[in-house]
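Heads up: the structure comes next, in structure tokens.
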Amino acid sequence: MSAPLLAVENLSISFPGEAGPVRVVDRVSLSIARGETLALVGESGSGKSMTALAMMRLVPKPGRIQPGAHIAFEGRDLLSLSVPDMRAVRGAGIGMIFQEPMTSLNPVTTVGDQVLEAIELHAKLSRAQARSHVIELFGLVGIPDAKHRFGAYPHQLSGGLKQRVMIAMAMAMRPRLLIADEPTTALDATIRAQILELLRDLSAKTETAVLLITHDFGVVNEVADRVAVMYAGEIVEEGSRGELLGHPRHPYTQGLLRSIPKAEARGHRLEEIKGSVPRPGHWPTGCRFHPRCPHAFAPCPGTEPQRTTVSATQAACCHLLDRSVEP
Ligand code: SF4
């Protein structure tokens, strides 16, 4: 088996708190193969975005990646790269699309110039070459009348077009990995479908791997090859899209799937997972999901469940799957 494009091992991130460091991400390990789309799913506050920022070494200060973590991209240890080398990885190796195109674009610079700047930062191209590359990119991401739109300011574009500009910027240096953090949250249903289709097309055409951060299983169903589910800072289940959506094994994944609105259930109350995600620093002992879990039993509050392999590609951390745990 070939080495993964990205391999994260034992990633923990802490912020200083009044009573000592507070973990927001806890011993996360995951990998992404070339050209693969991995969805990282969970409610807000589960640590998904912070995990993604760590891959770009952009954890906001005073947050810290804890010793013992490894993040390898194309075999290089990102955590030991110099600042200039890491800057070169950002953009050319790993591109990132943020949630809010409205706030990520500079309102006083044309969108063409903003993408051009991203290219000039990394590539030795003449201004004319860079400009024609931007126009080509705008075409690639489906911006109509790309030459004309080069000179538009963000406020002159719709939300969907702004998100396409952000994707063009992230794709400018043809990264091998694209991190997309809730890329469709601010968009209406039609534009959302178009942006998801664009991500799928780009990934297929350019063999770019995608790490998609989302809380929405509808998005997962449309684009993911594999899924990892996060809860209270840790990955509690992972597997192929078919396994996760068809046979979820962790009660949290099962609860998330039950809480999706379904057309045939119109008029019935939606099933919700009771309670809310515990805040960092207030994670329960044992299984962190136990206060919300409808299947919690004797060992759950006191003993942390270990990862149990369910198939070649699916695994989950739940005592119900672990035959060595006595009920
Ligand atoms: Fe529920 Fe216990 Fe499994 Fe946690 S370990 S998910 S509390 S059954």
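Below, all heavy atoms of this structure are taken into account, side chains as well, without hydrogens, waters or symmetry copies. In listed order, ligands and their atoms are each counted from 1.
Looking at residues two or more places apart in sequence or on another chain, you find no salt bridge (Lys or Arg N to Asp or Glu O under 4.0 Å) involving R164.
Placement of L140 and L199 within a single hydrophobic cluster is found when ILVMFWY residues are connected by side-chain heavy-atom separations under 4.5 Å, directly or transitively.
Sequence neighbours left out, the pairs with a member in residues 48-63 that pass side chain to side chain donor-acceptor pair (under 3.5 Å) are S49-D181. Residue pairs satisfying the side chain to side chain donor-acceptor pair (under 3.5 Å) criterion with at least one member in residues 80-93, sequence neighbours excluded, are listed as follows: D77-S80, S82-D85.
Between the side chains of S14 and R64, not a single donor N or O lies within less than 3.5 Å of an accepting N or O.
Cation-pi check for R131 over F150 is met; the charged atom lies under 6.0 angstrom from the ring centroid and within 45 degrees of its normal.
For atom 3 (Fe) of ligand 1, the nearby protein N/O/S atoms, meaning those under 2.8 Å, are C318 SG.
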